Engineer: 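Let me begin by handing over the structure; questions about it come next.
We use all heavy atoms of the structure for the numbers below, so side chains are in, but hydrogens, waters and symmetry mates are not. Worth saying up front: this structure is predicted, and the values here are computed from it rather than measured.
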Amino acid sequence: QVQLVESGGRLVQAGGSLRLSCAASGRTVSTYAMAWFRQAPGKERVFVANISGGGTYTNYADSVKGRFTISRDNAKNTAYLQMNNMKPEDTAVYYCAAGRGGPVTSRRASYDYWGQGTQVTVSS
């Protein structure tokens with residue numbers, strides 16, 4: 001079993017930056033795809049970014065391309081989401097997810113383990 005714990009969420013002004021962390025425990029996730037999703041109030045949880053086990057493949061939602069960067073440190077069993085030039089529409093609870101196998105996708109169903117989320121609020 002894998003446990004995921006997100007951290008780093010807080011209130012930030014528009015145009016600012018934030019880095020989220022996702023620490024995995026229970027077993028190594030170095031071969032797992034990792035992803036970030038977010039859920040704004042009253043809306044569905046949507047894909048933000050993902051990264052392959054080796055870190056060579058990344059993919060982003062159009063809304064965050066050029067502003068967000070996903071990365072991972074397999075030695076620390078941790079994934080990150082660097083968010084720059086943040087906008088009020090980035091306000092959401094951000095969730096980390098890990099997928100055991102198969103292709104790296106943006107589909108929620110592809111991920112087996114989820115964290116509890118961390119709140120990110122961007123003020124205008």
Engineer: To the nearest 0.5 Å, what is the distance between OG on S123 and CG on L11?
Structural biologist: 5.0 Å
Engineer: How far apart are the C-alpha atoms of D62 and K65, what are their side-chain angles, what is the distance that settles it, and do they pass the salt bridge (charged side-chain N to carboxylate O under 4.0 Å, His left out) test?
Structural biologist: CA-CA 5 Å; D62 287 343; K65 275 181 184 176; 3.3 Å; yes
Engineer: With the side chain counted from C-beta on, respond yes when D112 and Y32 share a heavy-atom pair under 4.5 Å apart, and no when they do not.
Structural biologist: no
Engineer: If you round to the nearest 0.5 Å, how far is CD of Q39 from OH of Y95?
Structural biologist: 5.0 Å
Engineer: Could you give the distance from CE (M83) to CZ (R67), rounded to the nearest 0.5 Å?
Structural biologist: 9.5 Å
Engineer: Could you state whether W36 and V12 fall into the same hydrophobic cluster, counting links through intermediate Ile, Leu, Val, Met, Phe, Trp or Tyr residues with side-chain heavy atoms under 4.5 angstrom apart?
Structural biologist: yes
Engineer: Could you pull out the closest heavy-atom pair between T78 and S21, with the gap in Å?
Structural biologist: CG2-CB, 4.4 Å
Engineer: Can you spot which of V64, T91, V120 makes a side chain to side chain contact (heavy atoms under 4.5 Å, CB included) with M86?
Structural biologist: V120
Engineer: Quick one: are the ring centres of F37 and Y111 less than 6.0 Å apart?
Structural biologist: yes
Engineer: Closest heavy-atom contact between A98 and L4?
Structural biologist: N-CD1, 3.7 Å
Engineer: Give a yes or no on whether F47 and W114 share a hydrophobic cluster (residues Ile, Leu, Val, Met, Phe, Trp, Tyr; joining criterion: side-chain heavy atoms under 4.5 Å apart).
Structural biologist: yes
Engineer: Ignoring hydrogens and geometry beyond distance, is a side-chain donor-acceptor pair present between Y80 and R19 at under 3.5 Å?
Structural biologist: no
Engineer: Can you tell me how far CG of N77 sits from SG of C22, rounded to the nearest 0.5 angstrom?
Structural biologist: 9.0 Å
Engineer: So V48 and F68, do their side chains get closer than 4.5 Å, heavy atoms only?
Structural biologist: yes
Engineer: Write down the atom of G9, the atom of T118, and the distance for their closest heavy-atom approach.
Structural biologist: N-OG1, 3.1 Å
Engineer: Please check if the side chain of R45 supplies one atom and the backbone of A40 the other of a donor-acceptor pair under 3.5 Å.
Structural biologist: no
Engineer: In terms of hydrophobic clusters joined by side-chain contacts under 4.5 Å, are L20 and V93 together?
Structural biologist: no
Engineer: Does a side chain donor of either S17 or N84 reach within less than 3.5 Å of an acceptor in the other side chain?
Structural biologist: yes
Engineer: Return the minimal non-hydrogen interatomic distance between S52 and T56, and the atom names on each side.
Structural biologist: OG-N, 3.3 Å
Engineer: If we ignore angles and hydrogens, is there a donor and acceptor under 3.5 Å between the side chains of Y113 and R100?
Structural biologist: yes
Engineer: Under 6.0 Å from the CD atom of Q116, do we count more than 12 heavy atoms belonging to anything else shown?
Structural biologist: no
Engineer: Would you compute the distance between atom OG of S63 and atom NZ of K87 and round it to the nearest 0.5 angstrom?
Structural biologist: 8.5 Å
Engineer: Rounded at 0.5 Å granularity, tell me how far CG in L18 sits from CD in Q13.
Structural biologist: 12.5 Å
Engineer: Within the 4.5 Å heavy-atom criterion, are V46 and R38 side-chain neighbours or not?
Structural biologist: yes
Engineer: Given the rule in the side-chain contact (heavy atoms from CB on, under 4.5 Å) test, do Y60 and I70 qualify, once you have shown the distances and angles that lead to the verdict?
Structural biologist: CA-CA 9 Å; Y60 298 90; I70 189 171; 3.5 Å; yes
Engineer: Might you point out which heavy atoms bring L81 and A49 nearest each other, and give the distance in Å?
Structural biologist: CD1-CB, 4.3 Å
Engineer: Let me know which of V104, N74, N50, V29 forms a side chain to side chain contact (heavy atoms under 4.5 Å, CB included) with M34.
Structural biologist: V29
